[in-house]
Protein chains: 2
Amino acid sequence: MVSSKDVAKHAGVSQTTVSRVLNTPELVKPKTVEKVMKAIEELNYIPNDIARSLVQKKTGIITLISGPLHNPFFVDTTTAIVNYVNARGYKVNVYFGTEDNLHSIYNAVLETKADAIILSSMLYQDDLFFKLEKLGIPFIMFNRKHQENRHFVEIDNVQAGYLATNHVLSLGHQSLCWIGGPHQMSTFYGRYQGFARALKEQGIDAKSVPTFFTNTNKQDIESAFEELLKLDKRPTAICAATDAIAIEILNLCLERGFQVPRDFNVIGIDNVELSKHHSISLTTVGITAEENLGFLAIEKLFEVMEKKSTCIQQTESVKLFPRNTTCKNELI
Amino acid sequence: MVSSKDVAKHAGVSQTTVSRVLNTPELVKPKTVEKVMKAIEELNYIPNDIARSLVQKKTGIITLISGPLHNPFFVDTTTAIVNYVNARGYKVNVYFGTEDNLHSIYNAVLETKADAIILSSMLYQDDLFFKLEKLGIPFIMFNRKHQENRHFVEIDNVQAGYLATNHVLSLGHQSLCWIGGPHQMSTFYGRYQGFARALKEQGIDAKSVPTFFTNTNKQDIESAFEELLKLDKRPTAICAATDAIAIEILNLCLERGFQVPRDFNVIGIDNVELSKHHSISLTTVGITAEENLGFLAIEKLFEVMEKKSTCIQQTESVKLFPRNTTCKNELI
DNA sequence: CACCAAAATGGTTACGTATTCATTTCTTTA
DNA sequence: TAAAGAAATGAATACGTAACCATTTTGGTG
């Protein structure tokens, strides 16, 4: 390993000067710069970013704790976040959290020196929030929020659930069902509230409507769907709490020979890129803004890092994206 | 920032002992361990992994240079790689390379101390290969390989192109076309060779068949597809060099009111997870092994890091996965 | 109790850089 | 030409840890 000391010796200057050539060349005589650069070339010297991090107390690393990529939402957000961070000259440590490994990820992350953390895995009540505050580095949640109500960028989940439900109701569907995730996550809780509110406005009691609160892995969604098929009165419209669930429901429907929207209407929430593919063409509700939640969050995180902001509390408006998995209820 | 020195002072021991408590507690008296642990608790001490990296010359970081996630192949491989690396207690620095940013990514990566590098972006002739060898740390390519023919895990690209082409030929299609990428990438080059060979076996000259060598972004694929539609004799089957291209072709077909496979047969290569979705159900050719290329490569990379192997040169066999985007040619 | 080996602990240094402060060299001006 | 100020360079140090070597303490044995 060739160090700046070696370069210094080879160029006949001090290590300090080598450091200056790399960081503040305007403070060093052009001729010396030349001499040092030549030595750097000849020795094939590469500065040690670890040593630099140690002395500067800056790692240039952002930690991202994302959900798994089989969920297309995280495909979109991970893309946006990684590209943004790299474009800013930082590095990204990526983790894909699931129920199984989340705890060990948290341990690893808390022991890693990063300049900031962006994550989507937080529960509404989660000790992690306070551990992160103790760490003393900036962090932000996207998609979900904590009950402390700080450091998050989310969509208006209640409104999203409301708009989705209203859409299928207005198409004449009266027999709905809901497939969502655990309510410890603010996302699922809020969206279900919107669902219930829309029903209530039509004089329907949400408790009378079949609801499935499932984990978001393939198997559990399939189990929920099997349950759904066993219902006495099959719903004509399935409201999924996320596009990921909706797209998996589509898959399960087609696998069993059902047609969508003929046999089931399906609507999601998130408006992920994949939902726009014409083979999917999923009706959904999503953010009004041009950029996705991941982008908005990482942008805000950098503002915090640069002390331009301190506390982010951002709720983005949503709108309906009608596509081909919903249609008028012919049975009316 | 509380350091191990602070802990030492607070516990009334030396910094060396604190270090030992954390790394080799079996060498320290239980009572002392207890004392130190208590001090660690009380001061909320977290070891500085940067300082540790500096002295140990190990960062615990693997750098991944992947393609963008709008290509579903990289969704699968990134998932496998990140999860594998994290499970092994390492961190992953992720980059998504495109034509635009690849150069700056290389610069960043070469100046970053990582324990190893895994990448898919290498060209067949690429200076990067030699720069990486100079770096002196283990690296591996997945999907593509370099002409030096070292450090790679790939599928049998020629065979893949051959099987895909043969499949549509055997279904009675005689008017084919090829949509692939630049031949500086070993993947595209090999697959096209297989395409040409299959045609030749049927007495067809590959040069007489419409071929499109496009960049793999949406726009360029669309341009190629528009060209295709202008052909005097429209092909009945489209052979795409990757599932990513094939899935985008599907999208373009449906967008224009064509039906697949009625109006066009479409076949891809890679057998990405998304191709299995029943809304897509893409006929494709893919790896015979259970695990994807990313997984196989990262597994091998760790073997190299642990000195169990030195040079990886692995070509995986492939097979056909017939699904619903191909069918017998009715026009015969 | 004396002695010795083993166990436990501590002092010091190295890792490779940026930074602080001191010193030398150069340039300008009276 | 001398003095003063600016520009350029260098020496020493800090960052926080692990590792090496030296020293002290402990426990067992004759």
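The model shown is predicted, which means the values in this text are computed figures rather than measured ones. Chain A is the first sequence line, chain B the second, and so forth, proteins listed ahead of strands; every chain is numbered from 1.
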Supply the atom-to-atom distance [X] [atom1] to [Y] [atom2], rounded to the nearest 0.5 angstrom.
X	Y	atom1	atom2	result
A:Leu123	A:Met185	CG	CE	5.5 Å
A:Met122	A:Thr187	CE	OG1	12.0 Å
A:Phe142	A:Leu64	CZ	CG	5.5 Å
A:Ile118	A:Ile81	CD1	CD1	3.5 Å

How long is the line joining [atom1] of [X] and [atom2] of [N], in whole Å?
X	N	atom1	atom2	answer
A:Gln56	C:dA18	CD	C1'	6 Å
B:Glu111	C:dG16	CD	C1'	15 Å
A:Lys58	D:dC15	NZ	C1'	16 Å
B:Asp49	D:dC15	CG	P	18 Å
B:Arg52	D:dA18	CZ	C1'	9 Å
A:Ile50	D:dA18	CD1	P	14 Å

Counting just side-chain N and O atoms, does A:Ser4 come under 4.0 Å of either OP1 or OP2 of C:dG16?
no
Compare side-chain N and O positions of B:Ser3 against OP1 and OP2 of D:dG16 and report whether any pair is under 4.0 Å apart.
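No.
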Examine distances only and state if a side-chain atom of [X] and a backbone atom of [Y] form a donor-acceptor pair shorter than 3.5 Å.
X	Y	answer
A:Asn292	A:Gly294	yes
A:Asn71	A:Pro68	no
A:Glu316	A:Leu293	no

Restricting to pairs with a member in residues 112-137 of chain B, which pass ring-ring contact (aromatic ring centres under 6.0 Å, His included), not counting sequence neighbours?
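ring-ring contact (aromatic ring centres under 6.0 Å, His included) check on residues 112-137 of chain B returns B:Phe129-B:Phe139, B:Phe129-B:His146, B:Phe130-B:His146.
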With the threshold set at under 4.0 Å for non-hydrogen atoms, list the residues of residues 17-42 of chain B touching DNA chain D in residue-number order.
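Of all residues in residues 17-42 of chain B, the ones placing a heavy atom under 4.0 Å from DNA chain D are B:Ser19, B:Asn23.
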Can you tell me if B:Phe302 has over 12 outside heavy atoms packed within less than 6.0 Å of its CZ?
yes
N/O contacts under 3.5 Å, protein versus nucleotides 12-15 of chain C?
| unit_1 | atom_1 | unit_2 | atom_2 | d |
| --- | --- | --- | --- | --- |
| C:dC15 | O3' | B:Lys57 | NZ | 3.2 |

